[in-house]
Amino acid sequence: MVSTIAPESGDGQALLAGVVAGDRRQLKASGASDVFSSAGLSHLIAVSGAHLAVVAALVDGVLIVTGVSRRARSGCSLLLSGLFVMACGCPMSALRSWAMLVATTLGRGTGRRGHAPSGLALAGIVMCLSDPFCATDLGFQLSALSVAALSLLSRYVGSVLDVLAPPRSYRDMRLVPRSLRPAVSKIRRYVRASLVASLTCQMATWALAVTTFGRLSLVAPLASVVVGPLLSPLVLVGLLACLLALVPLIGDVVMAAAVALSSGVVGLVRLLASIPFASIPVVAPPWLPLLSLGMGALLLVWWPRPSRCLLRRGAAALTVLLVGVFLRLYVLVPPSVIVLDVGQGDAILVRDGPHALLVDTGPSGAIAEALARQHTLWLDGVVLTHLHDDHVGGVGDLAGLVPTGSLYVGDGVSGELDGDLGGEVRLLVGSGASELRAGDELRLGGFTLACLWPKDATSGSENEDSVCLLLTYGEEEGALKMLLTGDAESDVLAQIVDEIGDIDVLKVGHHGSRVSITEGEAASLRAEVAVASAGEGNSYGHPTPECMEVLETSGSWFLCTKDHGDVTVTPGASGVGIALER
């Protein structure tokens, strides 16, 4: 099936292979899976109950034509849907769905009424007895939560929607031709059912998804309503295309239709994911899923009667609260410089009100959580001090995570941005990088970042190529003067220390290596606070005892991210303020 679809041919084929054959390798390789995640639609490319329903309906439809009895049709549906689950690699969500299908079919065969919660409980018990570790599988957890919520809460969610937006009758469709009114009414009911199912599943799974992935998709309800109804047709046409692949002409036509539909779905998802702040990084406490379960249980016990007045007042109060929280966390931000804890790497966030600038992005896989901790949704710019992986590895993580205005590198380094890094830079800012050299300045709110180094063109490949920035805030009492050195060591500091003078805070070069600073340079800078960025248990021994001794002897308070987490520096009327994460 996968070779017939040829997922390497494009995103449309890659999605088709994911939803029909459970093969998502090409989706991940092309980055399309990240787009689905941003839109809150990862569940669409995971084989689950919706896929099995299509398979069962397809088998049932074929057998009805041949006159097979109902019991035989049920047996064939179970067998073929089970084979489909095996062909897709037996993902936990699909196994749970198939186990529920078996329980439901056997129940009907013995004359018992259908009851989704009982079927879910029975399927979960059987799966956990056969493999206890399946209970820790995220796909199983999300799938089980969704089914439980649909069976227990969907009618209540529907009643709430009916109170907020009462369903229309034929009398409200005066502009619709009489012959089309039944069809329009059916479409409305289908859209309502999709919206109810989407909202119910989102309510049930959002806490677990946010805790696991560290992202909250704000367009997920809209995306599910728009794209969700296309899943069943896509799976159906895709299965038919694979089954008819050997039939001349007809197989090609059906496959072309399946690829066209799949490509349209990918394009629609990309459009939804491109909406500003479609997905935002967040750091959720580990107890959030338990709180969500508790609220669901309270709703089941309490079951308040929906009231339009109460719902509108509650929605208004929630909106005011969310706007206030947004303004406080993302807009009305006091001036600060945060040396982020990104492990063995560098990333420094400069913020003032709604403005933010990132100096280095740390190693791959660390910057998203760090920005989420600091409630950062956009960046005016990114400065890459040099091209070592522990300083630029997170550029690819930023692309699609936060809107970014500009990207800056040292003099002569823009020509070195080729290969994967060059593509990530273009994806992040939509263009190339600007260059900085000694004498240039960047302004961000009340901050000024003056470039002190490099003085000549460099390749950005060595520690001594690092961009060094003198950051200042204000000119009177309460001002801040901080030196950011990247990986530059004492040989670079010796050439710029005379033009710096007394500073408040030093971001220690090269993670606090043995030769990062000399006694004379430390005495000249007279930094009150020195901050090094290093990973716990790193193999380099950073920060070294020699560096710490030099700085502490000069009177600096030495801090390191491996010990204290994020280190926040703030200017204040009574002097520089320091806040430690731990």
Side-chain angles (χ1 to χ4, degrees), residues 1-37 39 41-66 68 73 75-98 101 139 143 226-271 273:
M1 291 171 68
V2 173
S3 62
T4 298
I5 296 171
E8 67 280 356
S9 302
D11 286 345
Q13 290 89 333
L15 175 61
L16 202 58
V19 299
V20 173
D23 189 331
R24 292 177 282 177
R25 292 173 296 177
Q26 189 59 38
L27 272 175
K28 294 179 180 178
S30 66
S33 60
D34 295 333
V35 178
F36 276 80
S37 177
L41 296 174
S42 295
H43 61 283
L44 291 186
I45 52 178
V47 179
S48 60
H51 298 71
L52 298 192
V54 174
V55 173
L58 180 60
V59 173
D60 207 43
V62 172
L63 294 181
I64 286 177
V65 176
T66 60
V68 177
R73 293 201 308 271
C76 289
S77 294
L78 282 181
L79 175 63
L80 292 178
S81 58
L83 291 174
F84 174 74
V85 171
M86 293 177 62
C88 293
C90 296
M92 283 295 175
S93 57
L95 283 173
R96 190 274 314 156
S97 301
W98 188 74
L101 182 62
S143 178
V226 174
V227 181
L230 301 176
L231 174 63
S232 295
L234 178 60
V235 175
L236 178 61
V237 177
L239 286 172
L240 289 175
C242 293
L243 293 173
L244 300 174
L246 299 179
V247 180
L249 187 60
I250 294 178
D252 295 335
V253 172
V254 178
M255 180 59 74
V259 171
L261 178 58
S262 183
S263 299
V265 169
V266 173
L268 189 56
V269 173
R270 288 191 182 278
L271 180 63

Listed partners of D60 passing salt bridge (charged side-chain N to carboxylate O under 4.0 Å, His left out), at least two apart
R73

How long is the span from the CD atom in Q13 to the OG atom in S30, to the nearest 0.5 Å?
11.0 Å

If you compare all heavy atoms of A39 against all heavy atoms of V269, which two are closest, and at what distance to 0.1 Å?
CB-CG1, 4.0 Å

Does the pair M255 and L16 meet the rule for a side-chain contact (heavy atoms from CB on, under 4.5 Å), with working shown?
CA-CA 10 Å; M255 180 59 74; L16 202 58; 4.0 Å; yes

Minimum side-chain heavy-atom gap L58-L243 below 4.5 Å
yes

Can you check whether C242 reaches V20 side chain to side chain, under 4.5 Å on heavy atoms?
yes

Side-chain contact, heavy-atom cut-off 4.5 Å: L15 with L234?
yes

Value rounded to 0.5 Å, distance of CZ in R25 from OG in S33:
13.5 Å

For V59, the side chain to side chain contact (heavy atoms under 4.5 Å, CB included) test, sequence neighbours excluded, returns V55, L63, C76, S77, L80

Nearest heavy-atom contact between V47 and G18 is CG2-O, 4.1 Å

Pairs meeting criterion side-chain hydrogen bond (donor to acceptor under 3.5 Å, both in side chains) with involvement of residues 78-93, two or more places apart:
S81-W98

Using 0.5 Å steps for rounding, measure from the SG atom of C88 to the CE atom of M86.
11.0 Å

Measure across Q26 and P7 and return the closest heavy-atom pair with its distance rounded to 0.1 Å.
CG-O, 3.3 Å

Answer whether the closest heavy-atom distance between the side chains of L78 and L101 falls below 4.5 Å.
yes

Does L231 reach the side chain of H51, with side-chain heavy atoms less than 4.5 Å apart?
yes

What residues form a side chain to side chain contact (heavy atoms under 4.5 Å, CB included) with P233, not counting sequence neighbours?
L261

I'd like to check the side chain to side chain donor-acceptor pair (under 3.5 Å) partners of R24; sequence neighbours left out, ordered by chain and number.
none

Can you give me the closest heavy-atom contact between L95 and C90, atom names plus distance?
CD1-O, 3.6 Å

With salt bridge (charged side-chain N to carboxylate O under 4.0 Å, His left out) as the rule and sequence neighbours excluded, what pairs involving residues 229-243 come up?
none

Around atom CD1 of I250, are there more than 12 heavy atoms from other residues, nucleotides or ligands closer than 6.0 Å?
no

Please report the C-alpha distance between L268 and L230 in whole Å, then the side-chain angles of each, then the deciding distance to 0.1 Å, and finally whether the side-chain contact (heavy atoms from CB on, under 4.5 Å) criterion is met.
CA-CA 11 Å; L268 189 56; L230 301 176; 4.3 Å; yes

Which heavy atom of A94 sits nearest to which heavy atom of L52, and what is that distance?
O-CD1, 3.8 Å

Please report the closest heavy-atom contact between S37 and S42, naming both atoms and the distance.
CA-OG, 3.4 Å

